[in-house]
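Values reported hereafter were calculated over all heavy atoms of this structure, with side chains retained and with hydrogens, waters and symmetry mates removed. Each ligand, and each atom within it, is numbered from 1 in the order the structure gives. Nothing here was measured: the structure is a model prediction, and the numbers come from that model.
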Amino acid sequence: MGVLLVTFLIGGLVTLISYWWYKDKLQREKLAWIPRVPGLPIIGNIMEFTDSTVFVPILLEHASKNDGLCYIDLFNRKLIVATNYDFLQFVLTSMNILDKSFEYKFFHKWLGMGLLNAREQRWKKSRKMLTPAFHFSILEQFVDIFDNNSSIMCELLQKEAIDSESVLNIFPYVAMSTLDIICESAMRVPIGAQKNHRSDYVFAVKDMCRIVVERVFSPIKMFDTLYPLTKDYYKEKRNLEIIHSRTLSVIRQRKKELEKEAVEGRGDYGGKKKMAFLDLLLQSTIDGRPLTEEEIRAEVDTFMFEGHDTTSAAISFTLYCLSEHEDVQRKAIEEQHRIFGKDKDRSVTHRELLDMKYLELVIKESLRIYPSVPFVGRLSDKDVKYKDGKIIPAGVGVLILISCVNLDPKIFPDPHKFDPSRFEHPDKIPPYSYLPFSAGSRNCIGQKFAILEMKAVISKVLRNFVLLPAGEAPIICAETILNSKNGVKVRLGKREWI
Ligand code: HEM
């Protein structure tokens, strides 16, 4: 019996290794047209990427030596690293490469198969269902919410932080404000995160961003069988309890309100009016049936995460850029004066947000240098023909380095210089060379929402404060959402509005 078991185990192991070896050999042959980054036997390049502050520059160095393309090995997984425009255009517009790469699997427990993670067939249905939630007429209704919540943020800054000598990490203030905004607008459930000060939810989301990236590159945490041996496994469990209980309470609260509205004959339950995100989810059907609570939670978790963490990073880094560039801040203020005249405290309108053309250039330039999503990944389960007989093999991921594409000196001379005038002539920027919201059919569904929200918040801060340099540059780390190890530091002075 014992001999039989050992023979069986050895046989199984040999079959597994032979399968790995054969799959590896086939993929390597098909990838022969892309330079491979030399690595160690078996573990490949994994040891180069253990620090989130350096792995993007390392990948860029490898890719730029090889015309914007190379591939790396992470144990038995291969990943094409891409900054080459032709290739990016091909991948992002291909209807055969719509799935997300292997690395997104580390999001699954958190975000389920919501829009970000959904596989091709489900994604098409979900995207079609959710697109109306970003209609112009819906976004217009959110302007007051943007305005009120940025006022609360400015009041807090006024009370707690205004002192032109002290250095302030602006990030937590912005994060609470964007969390309030996404809950009140997309979910229709105000949660008052700013007034409660601390939000376990925000801390849990931040920690999950770190955990997900560390699992991609850690030789222990990446394996589901070994992961429970690490502290992060337990931290992840705790974080997910906090996050999921928050989203479930938001969903249940809104569901109750909708039912009450229906009983009282208010609202438009089951009607034709365009609905905000959560109302749409609660009243939609997919494959002829209503969505389950699990499916709704996956979408809500996805939107809470994508809709608050991305914008809080983007707003914080833009405020930092403005604090460092007095000339740019002056022009932005001139525009605010032109729009608001003497009354800096009145509410902004949708039309006025659209009119903030210079502020839009500032935001675009800030997202170029500090893209909230520094990289995205794609995958196909079939071989895909690229050009001249070249193949992107089935099961090989493509990692698109957004943060490096945006810094190409051929397109953006002196790329680290903050210069919003680069975007005065958008026609001069070639397609697929500026990708903060990704591109193609799986681009960011919330980009118009994000730009409007950013304008509303930044405009309010500019009208109330002079942003001054703190003398401390952010230490950038790529933790799925761009983050700074030392916070995003500015100093705030009182703005005299004449
Ligand atoms: C400055 C702010 C934002 C930036 C830079 C940004 C960037 C991106 C990027 C690069 C992607 C592609 C991700 C990938 O392929 O892995 C994406 C997808 C997505 N974003 Fe955004 N985003 C922002 C704000 C928002 C907001 C405010 C929302 C919701 C209200 C949102 C919802 C989503 C969703 C649901 C997806 C998945 C889309 C799909 O796969 O069809 N994003 N975003």
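Using cut-offs of 30° and 60° on the angle between ring planes, the pair Phe107 and Tyr104 is tilted. Using bins of under 30°, 30° to 60° and over 60° for the plane-to-plane angle, the ring pair Phe418/His325 lands in the tilted bin.
Of the protein's non-hydrogen atoms, the one nearest atom 13 (C) of ligand 1 is Val376 CG1, 3.5 Å. With hydrogens left out, the protein atom closest to atom 10 (C) of ligand 1 is Pro436 O, 3.4 Å, a heavy atom.
Distances from ligand 1 to the non-hydrogen atoms of Leu130 include no value under 4.0 Å. For Lys100, the heavy-atom gap to ligand 1 drops under 4.0 angstrom. Residue contacts with ligand 1: Ile451 is excluded, as none of its non-hydrogen atoms falls under 4.0 Å.
The aromatic ring centroids of Tyr434 and Phe423 lie less than 6.0 Å from each other. Phe305 and Tyr201 have their aromatic ring centers separated by at least 6.0 angstrom. The ring of Phe136 has its center closer than 6.0 angstrom to the ring center of His350.
In Leu435, neither the side chain nor the backbone holds a heavy atom less than 4.0 Å from any atom of ligand 1.
Atoms of ligand 1 found under 4.0 Å from any heavy atom of Phe134, numbered from 1 in the order shown, are 30 (C). Residue Asn443 has at least one heavy-atom neighbour below 4.0 Å for each of these atoms of ligand 1: 38 (C). In summary, the atoms of ligand 1 found under 4.0 Å from a heavy atom of Ala314, numbered by their order in the structure, are 1 (C). Every atom of ligand 1 is numbered from 1 in the order shown, and the set under 4.0 Å from a heavy atom of Ile182 is 30 (C).
Rounding to the nearest 0.5 angstrom, the gap separating the CZ atom in Phe375 from the CG atom in Leu482 is 9.5 Å.
Scored by the ring pair (Phe, Tyr, Trp, His ring centres under 6.0 Å) test, Tyr386 finds Trp33, Phe87, Phe90 as partners (sequence neighbours excluded).
Of all the listed residues (Met454, Arg378, Lys448, Arg442), Arg378 holds the heavy atom that lies closest to atom 15 (O) of ligand 1.
Around atom 21 (Fe) of ligand 1, protein N, O or S atoms at less than 2.8 Å number 1.
Checked by atom type and distance alone, the side chain of Asn169 pairs as donor or acceptor with a backbone atom of Val488 at under 3.5 Å. Panel note: side chain Asn443, backbone Phe437; no donor-acceptor pair is recorded below 3.5 Å. The backbone N or O of Gln194 sits less than 3.5 Å from a side-chain atom of Asp180, completing a donor-acceptor pair.
For the pair Arg422 and Phe412, the cation does not sit on the ring face, since its NZ or CZ is not both under 6.0 Å from the ring centre and inside 45° of the axis. Cation-pi geometry between Arg215 and Tyr227 is met: under 6.0 angstrom from the ring centre, within 45 degrees of the axis.
Remark: ligand 1 and Trp123 share an N or O pair separated by less than 3.5 Å (distance only, no angle test). Taking only nitrogen or oxygen atoms, main chain and side chain alike, Glu453 does not reach within less than 3.5 Å of ligand 1. Any N or O atom pair closer than 3.5 Å counts here, and Tyr104 shares at least one such pair with ligand 1. Looking at ligand 1, you'll find an N or O of Arg127 within less than 3.5 Å of one of its N or O atoms.
Side chains of Arg442 and Ser438: no donor on one and acceptor on the other come within 3.5 Å.
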